[in-house]
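Worksheet: one structure, shown below.
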Amino acid sequence: MAIFGRKSSPAEFSVLPRHLGIIMDGNGRWAKKRGLPRTAGHKVGADVFKKISKECGRLGIEEVTFYAFSTENWKRPKEEIETLMRLFYDYLIEAKNDLQASGDIRVRFIGEKEGMHPKLLELMRDAEQETASRTGTLVNVAVNYGGRQEIADAVNSLIAAGKKSVTPEDISAKLFTSADCDLIIRPSGEQRLSNFLLWQSAYSEFWYSDVLWPDFTEKDLHAALSDFEKRNRRFGG
């Protein structure tokens with residue numbers, strides 16, 4: 001079921017997804033519409049990420065995973081990749097103050113470490129350690145992440161541990177995030193997963209919008225959550 005456009009919805013909800021996935025899409029098109037370089041869209045998109053993650057924390061969603069940079073994104077122009085990495089770096093430098101102001105939010109970075117700058121990895125570890133004791137919303141930031149690779153790595157780790165056969169529960173336990181994803185939000189008008197949480201999305205609900213990510217607001221998040229409340233989830237039954 002695809003929902004396009006915006007609608008008013010309450011700011012508080014009787015039913016919330018336990019695990020919410022958000023594909024942050026449309027930064028490049030947002031910039032192109034304004035005659036700006038794609039990098040300008042990524043900069044605005046990073047600010048939107050901060051606002052939406054804080055709103056998820058305020059609402060009390062247990063876990064939210066943001067798709068920030070996929071394993072396939074390395075194919076993009078070098079200048080765009082460098083800008084994205086600089087944005088990650090700047091966010092992490094500012095994260096100490098941001099995280100203090102965000103209440104009880106915990107941060108975790110998921111994805112492959114290969115190809116990432118050592119300084120960036122160090123800052124990621126620092127942010128994770130500084131928020132590890134918190135008990136509020138867990139914010140996963142998927143950087144250099146691919147759903148197929150995540151599943152392959154999980155199976156390979158089980159084989160290396162001596163497993164002769166594996167169960168779905170075995171694989172779930174080895175993934176970056178083991179919780180099934182209840183709702184996946186994808187703005188920008190695209191209607192595909194793009195290698196995001198392939199295992200965890202087996203019974204996900206989907207919400208699509210033609211709003212580009214830099215224009216995505218708390219009101220759009222509320223519209224998605226309001227629609228989720230009305231879904232009749234049968235999990236194949």
Side-chain angles (χ1 to χ4, degrees), residues 1-27 30 44-68 91 94-95 97-110 127-128 130-142 177-191 193 196-197 200-235 237:
M1 179 179 181
I3 303 294
F4 289 91
R6 305 186 187 199
K7 60 182 178 179
S8 60
S9 59
E12 310 300 335
F13 306 91
S14 58
V15 178
L16 285 170
R18 177 177 176 270
H19 182 191
L20 171 65
I22 300 179
I23 301 173
M24 300 185 288
D25 192 22
N27 293 340
W30 182 91
V44 177
D47 290 333
V48 174
F49 157 73
K50 294 178 186 179
K51 287 192 295 186
I52 298 302
S53 61
K54 289 177 182 178
E55 180 64 3
C56 288
R58 188 191 71 80
L59 291 170
I61 296 173
E62 288 186 34
E63 184 172 0
V64 56
T65 301
F66 290 89
Y67 202 10
Y91 166 71
E94 298 170 2
N97 292 331
D98 275 349
L99 292 172
Q100 286 174 353
S102 65
D104 207 25
I105 285 177
R106 250 185 319 150
V107 176
R108 181 173 62 182
F109 294 89
I110 66 173
E128 289 177 337
E130 289 173 11
T131 62
S133 62
R134 296 184 177 184
T135 58
T137 298
L138 172 59
V139 174
N140 300 311
V141 184
T177 171
S178 59
D180 286 347
C181 195
D182 299 302
L183 172 65
I184 292 178
I185 294 173
R186 180 161 192 164
S188 85
E190 302 294 348
Q191 299 184 39
L193 272 175
F196 179 59
L197 298 181
Q200 299 91 331
S201 65
Y203 290 104
S204 294
E205 299 292 321
F206 292 87
W207 191 87
Y208 304 107
S209 168
D210 56 1
V211 176
L212 300 174
W213 178 249
D215 290 327
F216 195 88
T217 67
E218 291 92 336
K219 185 177 291 187
D220 295 303
L221 174 65
H222 296 165
L225 296 174
S226 179
D227 186 71
F228 177 77
E229 283 189 306
K230 302 179 182 71
R231 302 286 180 95
N232 179 22
R233 305 187 72 199
R234 297 187 299 274
F235 301 95

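No hydrogens, no waters, no symmetry mates; every other heavy atom, side chains included, goes into these values.
- Here the shortest heavy-atom pairing between Pro17 and Leu183 reads CB-CB, 4.1 Å.
- Within the 4.5 Å cutoff, side-chain heavy atoms of Thr135 are placed close to those of Asp104.
- Atom CD1 of Ile61 sits about 12.0 Å away from atom CG of Leu138, to the nearest 0.5 Å.
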message: Run His19 and Thr65 through side-chain contact (heavy atoms from CB on, under 4.5 Å) and show every step you take.
response: CA-CA 8 Å; His19 182 191; Thr65 301; 2.8 Å; yes
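- Between the Glu128 side chain and the Val107 main chain, no donor and acceptor come within less than 3.5 Å of each other.
- Considering every non-hydrogen atom in both Ala179 and Glu63, the closest pair reads CB-OE1, 3.7 Å.
- By the 4.5 Å heavy-atom criterion applied to side chains, Leu221 and Cys56 are counted as neighbours.
- The two atoms that bring Phe109 and Ala127 nearest to each other are CE1-CB, 4.2 Å, heavy atoms only.
- Screening Arg233, Arg18, Gln200 for a side-chain hydrogen bond (donor to acceptor under 3.5 Å, both in side chains) with Asp182, the sole residue that qualifies is Arg233.
- Ionic pairing of Glu205 and Lys230 is not present here: no N-O contact between side-chain nitrogen and carboxylate oxygen is shorter than 4.0 angstrom.
- For the atom pair Tyr67 OH and Arg186 CZ, the distance stands at 8.5 Å (nearest 0.5 Å).
- For Phe66, the ring pair (Phe, Tyr, Trp, His ring centres under 6.0 Å) test picks out Phe49, with sequence neighbours left out.
- Of the inter-residue distances, the one linking Ser226 atom OG with Lys219 atom NZ reads 13.0 Å to the nearest 0.5 angstrom.
- Nearest approach of Ile184 to Ser204, heavy atoms of both residues: CD1-OG, 3.9 Å.
- Although no hydrogens or angles enter the test, the distance criterion places a donor-acceptor pair under 3.5 Å between the side chain of Asp220 and the main chain of Thr217.
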message: Does Leu193 form a side-chain contact (heavy atoms from CB on, under 4.5 Å) with Ser201? I'd like the steps, not just the answer.
response: CA-CA 9 Å; Leu193 272 175; Ser201 65; 3.6 Å; yes
- prompt: Given Trp30 and Asp215, is the side-chain contact (heavy atoms from CB on, under 4.5 Å) satisfied, shown in steps?
  reply: CA-CA 8 Å; Trp30 182 91; Asp215 290 327; 3.1 Å; yes
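- Atom-to-atom distance recorded for Thr177:OG1 and Arg108:CZ is 5.5 Å, nearest 0.5 angstrom.
- Closest of all the heavy-atom pairs between Phe216 and Val48 is O-CG1, 3.4 Å.
- In this structure, CH2 in Trp213 is found 8.0 Å from CD1 in Ile185, a value given to the nearest 0.5 Å.
- With rounding to the nearest 0.5 angstrom, the CD1 atom of Ile22 is 9.5 Å from the SG atom of Cys181.
- No side-chain N or O of Glu62 forms a donor-acceptor pair with one of Thr137 less than 3.5 Å apart.
- In summary, Arg106 and Glu130 do not engage in a salt bridge, as defined by a charged side-chain N under 4.0 Å from a carboxylate O.
- A salt bridge links Asp227 to Arg231: one of the charged nitrogens lies within less than 4.0 Å of a carboxylate oxygen.
- Closest approach of Asp25 to Ser188, counting heavy atoms only: OD2-OG, 2.7 Å.
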